[in-house]
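From a predicted model like this one, the values you see are computed outputs, not experimental measurements.
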Amino acid sequence: MDLKQVADFDRTQRRMFADLIGRVLADRDLHLMDDDEIDDVIRVCQFGFGGAWAPKITKLAALYRPRAVPVLDGHVGMAFGFRRKDLSTKGNRHGLSRRQRLDGIVRALAAYLKDHQPAVARLRAAVSETVPELAAAEAGAGKPPLISDLRLLDMVIWTAMDDRIAVSDGRPVKWLGRPVGNHIPYETVAFGADPAQRYRVAVRHREIQAFVPGVLHRRGPSYGSVKLSLRAHLRARTRMR
């Protein structure tokens, strides 16, 4: 994001963004939302202005609603068969406008998580042995897990696509098979004492490399199975709209 985009995110744009994000439930996971609640998430993902569309807007929105708003960057777009820039560019792709592409992906992610809860639970159980921050919520604690199901799926998709890009470029993969290093508690890399700030750092998995190797080392859902399943959900959701 350059200085012009920061300047363009003026008071009017900030108020519009705040209004949209305020409509998204803070205590509800994406896959547990009803259609109207998912519509609110989609409107956040479709918000933007010149040079700042879904890849940038959703990264900001996910800080405020980590359980509900997916990060829709180029890697996620590629997992659904689009090009890396297709969630930013306005033109039609595969017969879908940008707004329709975002709508379909959000609904597909919600449906995937809803339909694959046993797989997500198994993945959590496996990786939490080495990365306790990824553990499921304690029974009866009344609190959600530190890292939501949506963020966990984001890690799998993003790193899988990052490796795919590396293979396409003739470079060695970075994530799959990466040795699991010593565990780094998220508190040690957080800045400040504010719990909200610590949480933002914890969910920025690309900058906390101790998290992702633990996920991939345990061979959770394979890239192929996730990709095919997500595409099937996208096609189904698009036909239903």
CA sep, side-chain torsions, deciding dist, call: Leu60, Lys56, side chain to side chain contact (heavy atoms under 4.5 Å, CB included)
CA-CA 7 Å; Leu60 174 62; Lys56 294 175 181 177; over 6 Å; no

Residues Arg67, Leu150; criterion side chain to side chain contact (heavy atoms under 4.5 Å, CB included); working and verdict
CA-CA 6 Å; Arg67 298 171 62 181; Leu150 183 59; over 6 Å; no

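Under the 4.5 Å side-chain criterion, counting only non-hydrogen atoms from C-beta, Val69 is not in contact with Leu30. Residues Val44 and Arg23 fail the side-chain proximity criterion, which asks for heavy atoms closer than 4.5 Å. Using a 4.5 Å heavy-atom cutoff, the side chains of Lys59 and Leu72 are not in contact. Proximity of Leu153 to Leu113: side-chain heavy atoms (C-beta onward) are separated by under 4.5 Å at one or more points. A 4.5 Å side-chain heavy-atom check between Asp73 and Leu87 finds every atom pair outside the cut-off. You'll find the side chain of Phe17 stays beyond 4.5 Å of the side chain of Phe49, heavy atoms only. Residues Arg99 and Ile42 are not in side-chain contact: their nearest non-hydrogen atoms beyond the backbone lie 4.5 Å or more apart.
Residue pairs satisfying the salt bridge (charged side-chain N to carboxylate O under 4.0 Å, His left out) criterion with at least one member in residues 42-52, sequence neighbours excluded, are listed as follows: Asp40-Arg43. The salt bridge (charged side-chain N to carboxylate O under 4.0 Å, His left out) analysis of residues 138-149, with sequence neighbours excluded, yields the pairs Arg124-Asp149.
Ion pairing between a basic and an acidic side chain is recognised when a charged N comes within 4.0 Å of a carboxylate O; Arg15 and Asp19 show no such pairing. For the pair Arg107 and Asp103, the salt-bridge criterion is met [side-chain N within less than 4.0 Å of a carboxylate O].
With respect to Pro70, the side-chain contact (heavy atoms from CB on, under 4.5 Å) criterion is satisfied by exactly one of Leu109, Thr58, Ile105, Val76: Leu109.
Other residues sharing a hydrophobic cluster with Trp53 under the 4.5 Å side-chain heavy-atom criterion for ILVMFWY residues do not exist; the residue is a singleton. Here Leu32 is tied to no hydrophobic group at all, with no ILVMFWY side chain closer than 4.5 Å.
Contacts of Val167 classified as side-chain contact (heavy atoms from CB on, under 4.5 Å), with partners at least two apart in sequence or in another chain: Val173. By the salt bridge (Lys or Arg N to Asp or Glu O under 4.0 Å) test, Arg122 is found to be paired with no residue, residues two or more places apart in sequence or in another chain being considered. Residues passing the side-chain hydrogen bond (donor to acceptor under 3.5 Å, both in side chains) test with Asp162, sequence neighbours excluded: His75, Trp175. Residues forming a side-chain hydrogen bond (donor to acceptor under 3.5 Å, both in side chains) with Arg83 (at least two apart in sequence, or on another chain): none. Considering only residues two or more places apart in sequence or on other chains, Arg84 meets the salt bridge (Lys or Arg N to Asp or Glu O under 4.0 Å) condition with none of them. Residues satisfying the salt bridge (Lys or Arg N to Asp or Glu O under 4.0 Å) criterion with Asp169, sequence neighbours excluded, are Arg171. Considering only residues two or more places apart in sequence or on other chains, Ala68 meets the side-chain contact (heavy atoms from CB on, under 4.5 Å) condition with Val24, Met33, Val41, Arg65.
Scanning all heavy atoms of the two residues, the minimum distance from Cys45 to Leu102 falls at O-CD1, 3.5 Å. Across every non-hydrogen atom of Val131 and His183, the tightest pair is CA-CD2, 4.2 Å. Closest non-hydrogen pair, Gly48 versus Ile57, comes out as CA-CG1, 4.1 Å. Contact between Ile21 and Ala18 at its shortest, heavy atoms only, is CG2-O, 3.4 Å. In plain terms, the two heavy atoms of Ala135 and Ser128 that are nearest each other are CA-CB, 3.7 Å.
Side-chain atoms of Asp29 do not come within 3.5 Å of backbone N or O of His31 as any donor-acceptor pair. Side chain of Glu37 to main chain of Asp34: a donor-acceptor pair is present (N/O by atom type, distance under 3.5 Å, no hydrogens or angles). Judged by distance alone, with hydrogens and angles left aside, the side-chain atoms of Ser148 form a donor-acceptor pair with the main-chain N or O of Arg151 at under 3.5 Å.
The NE2 atom of His116 sits 4.5 Å away from atom OH of Tyr112, with the distance rounded to the nearest 0.5 Å.
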Distance-only criterion, 3.5 Å: show the donor-acceptor pairs between side-chain atoms of residues 89-98 and protein atoms not counting sequence neighbours.
from, atom 1, to, atom 2, distance (Å)
Thr89, OG1, Lys85, O, 3.1
Arg93, NE, Asp86, OD1, 2.8
His94, NE2, Gly81, O, 3.2
Ser97, OG, Gln100, N, 3.2
Ser97, OG, Gln100, OE1, 3.4
Arg98, NH1, Ser88, O, 2.5

